[in-house]
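Computed from a predicted structure; not experimentally measured. Just so it is clear: chains get the letters A, B, ... in the order the sequence lines come, proteins before strands, and each one is counted from 1.
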Amino acid sequence: MNSAQSEVNTNFLQTPRKGLGSWIFSTDHKRIGILYLCSVLSFFLVGIALGLALRLELFSPGPTIVSAQTYNSLFTLHGVIMIFLFIIPGIPAILGNILLPLQLGAKDVSFPRLNLLSWWLYMTGAALALLSLFGGSGPPDTGWTFYVPFSAITTTNVSLAATAAFVLGFSSILTGLNFLTTIHRLRTPYMSWTQMPLFIWSLYATAWVQVLATPILGITLLLVVLERSLGLGLFDPGKGGDPLLFQHLFWIYSHPAVYIMILPGMGVISEIIPVFTRKHIFGYKAIVFSTLAIAFAGSLVWGHHMFASGMSDTAVFVFSLLTFIVAIPSAIKVFNWVATMYKGSVTLAPPMLFALSFIFLFSVGGLTGLVLGAPGPDIHVHDTHFVVGHFHYTMFGGTGFALFAALHFWLPKVFGRMYNHRVATGAWLILFTGFNILYGSMMIVGMQGMPRRYYDYLPEFTLGNQIATAGSWLLAVGILLMFGNLLRGCLRGEPVGDNPWGAATLEWTTSSPPPLENFIDEPEVTRGPYDFKGVNIS
Amino acid sequence: MNDTNSQHILSYALLLRVWAALLALTVVTVGISRIDLGALNIWAALAIACSKGTLVLLFFMHLKYESRLFAWMFLAALCTLCIFIGFTFLDVLYR
Amino acid sequence: MNADARNTIDKVDATFFYIFGISALMLLGITLCMVWFAYRYHHSRHPEPMSDSKGHPLIEIVWTIIPSLLVLSMFWYGWTSFTNLRDIPEDAFALKATARMWSWSFEYENGLTSDRLRVPTGQAIEVSIESLDVLHSFYLPAFRVKRDAVPGMTTRVWFRPEQDGEYNLFCAEYCGTGHSAMISVVEAMPQEAFDRWYNQKQMAQQALELMKKQGCLGCHSLDGAVSVGPTFQNFAGRERTLVLPDASKRTQLADRAYTRRSILEPRAELVEHLPAIMPSFQGRMSDEELEMIVDWLLAQRQEDQKPDGAKIFADKGCGGCHSFDGSKGLGPSLLGVFGHEARVQSEGALRTFIADEAYLRESILNPKAAVVEGYAPLMPEFSDLSTAELDALVEYLKGLKGEHRH
Amino acid sequence: MSVDAHRDDTGARMGMWLFLFSELLLFGGLFVLYAVTLSTHGEAFAAAGRELNWVLGTINTLVLLTSSLTAAIALSAVQKGNSALALRCLWGTLALALCFLVIKYVEWSSKIHHGLYPGGAQLAERPEGQMAFFNLYYVTTGLHGLHVLIGGALLGWVVLKIRQGGVHRSNFVLLENSVLYWHLVDLIWIFIFPLYYLML
């Protein structure tokens, strides 16, 4: 009993068991979180490399570095990797896993073994996705959207890639139900629903979407695989099917998936801003309400991806109206974040810089989204580089920057060591500049009418593309610098105390790194998550 | 925390009665399907299927004896499915 | 042109400006607040927070209602600009666009087909869009118009070119290797020029009927066959040697004056080796009729010119799948395709034979009948090629000599 | 190690229910397709539906309902400490599951024998609506059959656990969850049956 007790007390990075096996078979949520951290960020780097290759190809009109077929595979894999392997699991699987039980005052998630299974499924899906690069007749070339009929007839490894997405979806569902159960069942009894950190609320809303929407993608991709292998034809007009139904089913999942991606990011920002302004978050309940509203209403707007598809005008009317209504809770959140800073005491530490640039970039993404929600203008910019730019502003500028903010905020807690702040600030500046050059010029080129997924383009689009490509290099430098700094900080940085930022949520009350079962004594909730009176930096 | 682990045990008699009702409803639905009611047929079949489903949910799956939360969650899932089907018809019906 | 004629551009652009304007203001406001707060309340100036406000219901309500009204107005503009795109003017000139991997073809109501979209300036144009294989999208950036081409469905767009000129036509829905090459052009031209082009077949038909009535075709063949008189085939494209009444000779390329003379005074200049038996048609037809026939005769150049196989190959998007250098695309390389030993999957069985001309023809017209081993039956049927075009394409393929590789 | 120390049966059931919701939505995608195709190809759809053997369908419905009953009784029996009865009931459920699959096999093979399967020659000659019906029929019942297999495997494992004493009067959440899964399989069939077999 004694040895067990001491094992519980040691920090989770230094259990008696050593080696790879103590990680990849660990059911500890923090270790699983770190497994996700390593795997997700590795795939992120692969995705960046593919993205850089795409931009390089577009540096000049005509063939530049690869063939058309290779280019098509590149953007397909860039999309599949970034969407399914990076941005969807990103914040929930990495930080959700590490923080959810800590913030709830729990010892672990409800189903630790299921949690490990989720990671294994994630790795299986990733392996299948990488496997689809080889064998058969080449990597998939359908785009990450797998639109039929093209995906049903192309000879490339679409079935394997679709199976990979299916498996990854399964992993996502299991993570979601695990989180939901944990929030309902393992919250420390001292914490009421309205005392929960906003990050938890965002994970809660996200998890519902994961559980309810992901299966639709699963069945849709399954039908594509069956169409390819058995000639099923449920989307083939020659067999009584309808290609538009594929798009409906696909976006029934994939639009809510956008909220799976962004909501946890919003949760992160809601945590960081109060800490670095030393002020209670402005309008806690409004933010909670808008989180749930986004999750719910976000499931009703999938049709705005289909305004030009041949869908009925009635559907265009309803989906457009609802799309604009979803904009409102997002706006409320932005206003609340900014208002939190009012009369606070602001520190521009690296997490705060990323959080503030999140607000800017996400606002750009959200506001350009209004153009896409309005059916008239959408017709012009739909399927152009404008959409690509908009999408990257929300997903990369939004979720990506939120993830970076979160890593700068919480990694010192997880590893007990601090990175170099000056390098972090420099990396942020490069990253932010490169980002705007890259995606800003993409949007302009799109407004001029350059369709997306174009291997070759007319000479009038050259300038915008060249500026974008130059921006992509700057962006890549910023990212490498940032990750290098974080990695160095986690392994060899200055040791920090339990609460380096002076935050008020429960995870900061335990040691850094936390012990195996998170808290030595059952944590008591003595203050609200944003009540900084008397909280000291330690 | 483990307060609600205490279980309601359903009697065999109740389960048998539910089963009998399910069988009866099956016979009814087959019977109705043999009469031509036009479009009503599909709605009648769905209505009977829904009542059968409710029986299974409430008794076989113990939803009646779980905390109210489970029922709300189930309704949320069901509503989501209905929305997905319903909204797709915004396109299909008016195309 | 109708003064109040709608177009597809103005409302969409106005909505763009409206939404972008409001968005820019909001972005500016948010950013300025953020930067100002970060400066004004920086901990060096403001070491302690001055407020412990946790929210303010009134402010929350205000900044919920104002954006709600704004986005609802945006929705309304967006929707009305969309209905304008969907509401096709009744007097629109209708034609059909057919998309396939990876080319566009346009068919007019009189049966005329074209690979570029020629339209009269000032007129509303209604395009019915169909697809033969996968999804494509008909996109005219200059007119803010886009609509997917969906297999099994006909979709419609309209637009009104207000100035002569060429406008880009893109495929905006990803459709495979040749997606970015699936580009065509809208050519807006003055009504008269368009009518001349549009009515070419009809005029030709009238001229032919007239010539039949006048008996011209009794002595002049259309297909190059030798008859009593010289053939009409390639009438304007060929040089002839004329014998003048003084027995001197000269060569002549048909121009308008010569053509008129040869009808009105046929015996004044005789084509060498031919007897002087053609009667004069002076007074036997009106001047209008004469002009019609002359126009037709002078047009007998392009019609008879051999179509260019290489051009057809490029126009039909063949190069998207088939290379010339032996490299494998979605389809087999065409290097040395003629006369190589083909291994094809046909009716479930593997067959091997030497690829002859008949095979090449069949594989263009009905590609799914025999698919080369190791490839998928992806290729669409190119049954819309004319006989001459098919001949030219096959000739072109026969010319691609080299060692064939699969 | 820490896994069993924090036992939370309600949590486990909640997790199972959430999983069942995602199963429901998985079939939901097929129900979307069904509803849409029914509305666009109503007549042909119904004509194809009449070709299914409704007698076999009804028998299978009764079989599955009964298997649900025995599963539910098994749970009550374990809760009352009557493991022997529970085992007998679970064996009954497994036997009925097998029976269901056999009948399904007979149905499928007779249809396949007539060339009525996706990509089959006979089916290719049918009107579009009929093709859509049979395609959907095979996917839906196929996916459902797969769930019968998974549910059966799960119950088989529970049988083993009961015999080893791992599942008993004071720890039966595994049985509870497996039975929940089995009822879901039944629940989905309750809808598949009228929609496919009783269409008029």
_Test item: A/L244 and B/R95 side chains (from C-beta on) under 4.5 Å apart, heavy atoms_ = yes

_Check this for me: B/W43, atom CH2, are more than 12 non-hydrogen atoms of other residues, nucleotides or ligands nearer than 6.0 Å?_
no

*For B/L69, is it the side chain, the backbone, both or neither that has a heavy atom under 4.5 Å from a heavy atom of chain A?*
side chain

_Inter-residue atom distance A/S312.OG - B/L93.CG, 0.5 Å rounding_ = 8.5 Å

*Apply side-chain contact (heavy atoms from CB on, under 4.5 Å) to the pair B/Y94 and A/M311, showing each step before the final yes or no.*
CA-CA 9 Å; B/Y94 300 97; A/M311 185 175 71; over 6 Å; no

*Tell me, side chain or backbone of B/T88 under 4.5 Å from chain A's heavy atoms, or both, or neither?*
both

*Verify, without hydrogens or angle tests, whether A/T314 (side chain) and B/D91 (backbone) share a donor-acceptor contact under 3.5 angstrom.*
no

*Answer whether the closest heavy-atom distance between the side chains of A/V211 and B/M73 falls below 4.5 Å.*
no

_Given heavy-atom pairs under 4.5 angstrom as the criterion, report whether the side chain, backbone, both or neither of A/L245 touches chain B._
side chain

*Please lay out, stage by stage, how A/H248 and B/L90 fare under the test side-chain contact (heavy atoms from CB on, under 4.5 Å).*
CA-CA 11 Å; A/H248 276 295; B/L90 285 176; over 6 Å; no

*Please work out which of the three classes, parallel, tilted or perpendicular, describes the rings of B/F84 and A/W302, given edges at 30° and 60°.*
perpendicular

*Does atom OH of B/Y12 have more than 12 heavy-atom neighbours, drawn from other residues, nucleotides or ligands, at distances under 6.0 Å?*
yes

_Quick check on A/F296 against chain B: is it the side chain, the backbone, both or neither that has a heavy atom closer than 4.5 Å?_
side chain

*Which portion of A/I216 sits near chain B, non-hydrogen atoms under 4.5 angstrom*: side chain

*Report, as yes or no, whether the 6.0 Å neighbourhood of atom OH on B/Y65 holds more than 12 heavy atoms from other residues, nucleotides or ligands.*
yes

_Counting heavy-atom pairs under 4.5 Å with chain B, which one of A/G303, A/A315, A/A213, A/S299 comes out on top?_
A/A315

*Closest heavy-atom contact between A/V318 and B/F87?*
CG1-CE2, 4.3 Å

